[in-house]
Amino acid sequence: MKAMLLTELVDMKSHAKPLALREVPDPIPGEGEVLIRVLTCGVCHTELDEIEGRTPPPHLPVILGHQVVGVVAQTGGQETIRSGIEVGDRVGVAWIFSACGVCARCQAGEENLCEQFRATGRDVNGGYAEYMTAPAEFINPIPGELSNSEAAPLLCAGAIGYRSLRLTGLHDGQRLGLTGFGGSNHLVLKLARYLYPNSEIFVFSRNIQEQEFARSLGAVWAGSITEQAPHKLNAIIDTTPVWKPVVEALGNLAGGGRLVINAIRKEHTDQAYLTRLDYPAHLWMEKEIKSVANVTRQDVREFLQVAAEAGLRPEYQEYALEDANQALAELRQGVIRGAKVLVVP
Ligand SMILES: [Zn+2]
Ligand SMILES: [Zn+2]
């Protein structure tokens, strides 16, 4: 099969084409796994973190991609039969490839925090390819309302956005801020308008186009990351890869407010900005900071259902599988309008 392979970790500043198109053997599903023919795969900022070594894959070469929509092409063994998955089913594979299922975290419904958590397209091969395998228990049915390209970005950006929004503890009518306005937060804005129709949404973004995009989707206010919003906010979700927005967001939080950081890693480039942290302005009055780590199957499945019901569709741009490097480069340069999706013929 054809696959876009990551063979070494590089800095994308000097290596604009980190992936190579290669012919590799078709994967074979093991016990409890299914073989999936990939139809679409979303491109995520986390892939840049993998390529540049901030969350490095444990083995190379590896096939990236954790927002995979495909069709079950083959099932392997008795366990897949028990899971009710059949050949021809349209399914999605998200960032959660598997978790142990027996540890205290897994038992408590926090499989996203399992120490044995395996991430799709990092710890095991993902969807930048014609085929992949995945455990039957961890793949997710795709509601019929969603097209292949619509569903792909929902599997990561959407599902983690959903988890982020839940972790804010927001109540309808409270004010929500979104810092950064790429693949995840534009979905969170749509989701928040559906789940919290009386909440005003404020967007902080680095460029005018994203600010306009946010207003067009219903934000009551959009400004730059260093601006003060016209009101203090009860919760803010930060999806940026850097530190300045964290400090600035804390300044925009109301007392008792919570900042939720939805970023797998932060870059070191502007870490010095943290020295501007001022206790009375940024943390006093019981302000909280919480990160979001991974997703559970429940997050993915609930969110896909909500998205289908709410008519929530991501804005997206399509690229051919072999143009993955271009999609990644544009993501790195911040050329973002919605989500980027690879289409596999
Ligand atoms: Zn992702
Ligand atoms: Zn576990």
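Counting starts at 1 for both ligands and their atoms, in listed order.
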Asker: Give a yes/no answer: is there an N/O/S atom of His66 under 2.8 Å from the Zn ion (ligand 1)?
Answerer: yes

Asker: Would Trp221 and Phe204 count as a close aromatic pair, with their ring centres under 6.0 Å?
Answerer: yes

Asker: I'd like to know if the side chain of Arg90 pairs up with that of Asn148 as donor and acceptor (distance under 3.5 Å, no hydrogens or angles considered).
Answerer: yes

Asker: If you have a sec, read the angle at the Zn ion (ligand 1) from Cys44 atom SG over to Cys156 atom SG, to 10 degrees.
Answerer: 130°

Asker: Is it true that a side-chain atom of Glu23 and a backbone atom of Met1 form a donor plus acceptor pair closer than 3.5 Å?
Answerer: yes

Asker: The Zn ion (ligand 2) as vertex, arms to SG of Cys103 and SG of Cys114: angle to 10°?
Answerer: 120°

Asker: Please determine if Asp299 and Arg163 form a salt bridge, counting it only when a charged side-chain N lies under 4.0 Å from a carboxylate O.
Answerer: yes

